[in-house]
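In what follows, a structure is listed as structure tokens, so that the remarks can point back to it.
Just so it is clear, the model here is predicted, and its values are computed rather than measured. First the proteins, then the strands, lettered A, B, ... as listed; each starts at 1.
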Protein chains: 2
Amino acid sequence: MNNEITASQLNTEKFISENVNKIRTAVGEGIAINALSGGVDSSVVTMLGHRALGENLRTVFIENGLMRDGEPVRVAGLFRKLGVTVEIIDARKDFLTALEGITDPEEKREAVTQSFYKNVFGKIVRDSGAKYLLQGTILTDVDETVAGIKRQHNVFEQLGIDPQEAFGYRILEPLIQLRKDGVRKVGSALGLPPELFERIPFPGPALAARIIGEVTEERLHTIRKATVIVENALKETGAFQYMAILHKDRVTGMIDGRREFGQQIELRCWDSLDARTATPTKLSFEVLRGLANEIIKQVPGIVSVTYNIAPKPPSTIEAV
Amino acid sequence: MNNEITASQLNTEKFISENVNKIRTAVGEGIAINALSGGVDSSVVTMLGHRALGENLRTVFIENGLMRDGEPVRVAGLFRKLGVTVEIIDARKDFLTALEGITDPEEKREAVTQSFYKNVFGKIVRDSGAKYLLQGTILTDVDETVAGIKRQHNVFEQLGIDPQEAFGYRILEPLIQLRKDGVRKVGSALGLPPELFERIPFPGPALAARIIGEVTEERLHTIRKATVIVENALKETGAFQYMAILHKDRVTGMIDGRREFGQQIELRCWDSLDARTATPTKLSFEVLRGLANEIIKQVPGIVSVTYNIAPKPPSTIEAV
């Protein structure tokens with residue numbers, strides 16, 4: 001069933017009608033549920049599920065408080081225009097509480113994943129009465145986890161659902177034969193707007209991955225503001241990825257003529273084909289200075305801005 | 001007595017012979033002592049004192065373990081060529097012990113100052129039997145401390161010498177009427193080699209000011225290596241000042257294919273006239289990339305390098 005369909009082999013109309021039928025047949029008169037993140041994969045699954053089930057698909061968008069400025073409303077708005085109702089679940093407190101006191105990057109990622117599956121989305125699934133879960137898994141995800149056979153079992157475990165006890169839960173993964181380029185083709189054929197495909201990749205733990213040290217509401221506010229500035233300034237560069245990172249180290253600065261230990265923002269902008277290796281984009285000095293000045297002016301507490309000049313490896317794309 | 005002598009008014013031959021006589025008259029058959037740091041002011045005072053007193057001036061160079069690579073030997077070698085014996089005092093342990101566990105920048109500076117005056121140089125002065133202390137104070141230092149009248153009293157206090165009890169101690173400050181440009185002219189006339197004037201300014205707490213967080217032997221080793229690379233690469237730029245800063249924040253990196261939380265070096269290179277305001281030097285991308293690669297290759301544990309792009313203010317020249 002996981003036989004690859006390459007983007008060039010792909011007949012989007014046929015793919016869509018086959019998968020709409022499969023979903024319809026599987027779910028029947030029941031209810032299905034899915035979590036929309038605003039990424040390409042979950043967006044395409046949402047549209048496929050909506051075509052198949054209409055109001056019987058419940059699509060939730062989990063606002064974890066770690067997203068880009070205005071992201072939940074932006075994504076829900078795009079889908080409203082396509083006739084799809086997206087329910088925004090405010091789970092900011094759950095995530096912030098889970099992240100409290102955590103500074104280790106791996107623990108941070110784990111806290112975000114756990115909060116998402118077990119505490120928030122798991123509860124919604126269990127309470128919803130839905131027995132069908134739509135997921136945007138693509139072939140590359142399967143390759144990466146290797147343990148492809150155990151994947152569905154893992155999802156139940158992550159959701160806090162014991163498949164023995166809660167007999168009858170089913171995971172539907174309509175994109176499992178595609179890779180990213182194929183998913184994009186299906187998305188276009190489903191009428192998804194280009195905005196959904198144009199945004200640069202964003203890591204799973206979202207802005208929590210852009211903060212060195214503890215994630216707090218105040219620090220999220222700081223990095224969110226800087227992220228807006230960087231993404232606006234660099235979106236025309238065509239770079240592979242760009243980001244602002246809030247450091248924990250304090251550096252000396254001058255605010256209103258007084259010495260003050262302020263915060264530092266690091267900027268990264270990467271040229272890359274496949275994220276496996278990457279080099280810093282050769283941005284002009286004027287762009288860099290302009291960015292530094294805007295961040296200093298707009299983001300409270302920032303006294304210093306740096307630009308990454310090291311390649312990957314030994315650096316990585318993200319800092320956390 | 002503190003009437004300013006501007007560089008253009010200055011007659012170096014007259015200045016030198018007058019001050020040599022003054023020092024000779026004051027010290028007589030006694031012994032004088034001075035601490036040489038390798039900076040312009042203390043170098044000029046060393047030469048003046050040597051002319052006046054010969055072997056009756058004891059010049060010590062305190063190796064605090066916080067200096068540039070090879071600095072004590074380099075400075076002592078330059079003076080040996082001029083016929084001046086410089087005694088290198090190994091006080092690395094005193095300074096490292098004093099800095100142990102300190103992360104606050106102000107406390108760090110204080111620990112270095114205290115170690116220098118009270119524990120190390122103070123002890124040397126007290127043990128030496130010298131009652132005359134030659135100091136390279138210049139007019140700008142007096143302006144900056146404002147409390148000019150109390151200055152000499154402060155020096156005794158810093159040295160742990162009670163002027164009441166230890167009657168007879170005298171501070172001699174032959175450069176007190178000059179500013180930096182005048183001092184340089186006197187230095188040239190005294191035959192000091194250009195190397196002593198060419199090096200960029202270095203802060204009082206030396207490499208301790210280039211380390212965010214605790215100063216340890218290992219971290220000093222790291223920043224010392226990076227400093228050699230940066231100073232070699234940027235000495236031809238004509239920039240006002242340039243430096244490497246070791247961050248405390250850990251960032252994700254890849255070493256031999258494994259994820260590893262490594263260290264980051266920040267580079268700063270400043271254009272400035274008077275250090276009051278400064279802007280990052282527009283270094284070419286090739287220079288920046290070359291620097292990053294060399295630091296990554298040569299300095300163990302470094303996975304990331306950034307370049308400062310924020311101006312002063314709100315940044316400051318140094319980070320600590």
Side-chain angles (χ1 to χ4, degrees), chain A residues 103-106 209 212-213 245-262 264-268 276-277 279-293 295-297 301-320, chain B residues 103-106 209 212-213 245-262 264-268 276-277 279-293 295-297 301-320:
Chain A
T103 56
D104 180 82
E106 288 305 327
I212 295 178
I245 296 155
L246 178 59
H247 280 224
K248 189 180 152 204
D249 283 341
R250 293 277 168 159
V251 293
T252 309
M254 309 263 286
I255 294 180
D256 301 327
R258 280 178 304 103
R259 235 179 144 73
E260 188 158 318
F261 298 114
Q264 185 177 70
I265 291 276
E266 174 185 345
L267 306 181
R268 295 185 177 189
R276 277 186 291 196
T277 62
T279 50
T281 305
K282 188 175 165 173
L283 296 175
S284 81
F285 231 75
E286 288 57 46
V287 166
L288 290 173
R289 275 188 197 149
L291 265 168
N293 287 332
I295 287 170
I296 283 163
K297 214 169 71 185
I302 303 300
V303 297
S304 175
V305 184
T306 62
Y307 183 60
N308 169 61
I309 54 172
K312 170 182 180 179
S315 183
T316 47
I317 303 272
E318 304 278 347
V320 172
Chain B
T103 56
D104 180 83
E106 289 304 327
I212 295 178
I245 297 156
L246 177 60
H247 280 224
K248 188 180 153 204
D249 284 340
R250 292 276 168 160
V251 294
T252 309
M254 309 263 286
I255 295 179
D256 302 328
R258 281 178 305 102
R259 233 179 146 72
E260 186 158 320
F261 298 111
Q264 186 177 71
I265 291 275
E266 174 186 345
L267 307 181
R268 295 185 177 189
R276 276 186 292 198
T277 64
T279 51
T281 304
K282 189 175 166 174
L283 296 175
S284 82
F285 231 75
E286 287 58 45
V287 167
L288 290 173
R289 274 188 197 149
L291 264 168
N293 287 333
I295 288 171
I296 283 163
K297 213 168 72 184
I302 302 300
V303 297
S304 174
V305 183
T306 63
Y307 183 60
N308 168 62
I309 54 172
K312 170 182 180 180
S315 183
T316 47
I317 303 273
E318 303 278 348
V320 171

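Shortest non-hydrogen contact noted between T252(A) and E318(B) is CB-O, 4.2 Å. Across all their heavy atoms, H247(A) and D249(B) have their closest contact at CB-OD2, 3.2 Å. Nearest heavy-atom pair across N308(B) and V305(A) is OD1-O, 3.3 Å. Contact detail for S304(A) and A310(B): the closest heavy-atom pair is CA-CB, 4.0 Å. Nearest heavy-atom pair, S315(A) versus M254(B), reported as atom, atom and distance to 0.1 Å: O-CG, 4.0 Å.
In this structure, the side chains of P105(B) and R259(A) stay at 4.5 Å or more apart for every pair of heavy atoms. Proximity of I296(A) to P311(B): side-chain heavy atoms (C-beta onward) are separated by under 4.5 Å at one or more points. Taking the side chain as every heavy atom from C-beta outward, R289(A) and K282(B) approach each other to under 4.5 Å. Between L267(A) and I309(B) there is a side-chain heavy-atom pair separated by less than 4.5 Å.
Contact of T281(B) with chain A is made through the backbone alone, with heavy-atom distances under 4.5 Å. Neither the backbone nor the side chain of I265(B) comes within less than 4.5 Å of any heavy atom of chain A. For a residue to count as touching a neighbouring chain, one of its non-hydrogen atoms must lie under 4.5 Å from one of that chain's; by this rule N293(B) touches chain A with the side chain only.
The candidate from P313(A), G213(A), G262(A), P280(A) with the greatest count of non-hydrogen atom pairs under 4.5 Å with chain B is P280(A). Interface summary for chain A: among K312(B), R268(B), E260(B), Q264(B), the most heavy-atom pairs under 4.5 angstrom belong to Q264(B).
One distance of note links CG of L288(B) with CZ of F285(A); it measures 6.5 Å at 0.5 Å rounding.
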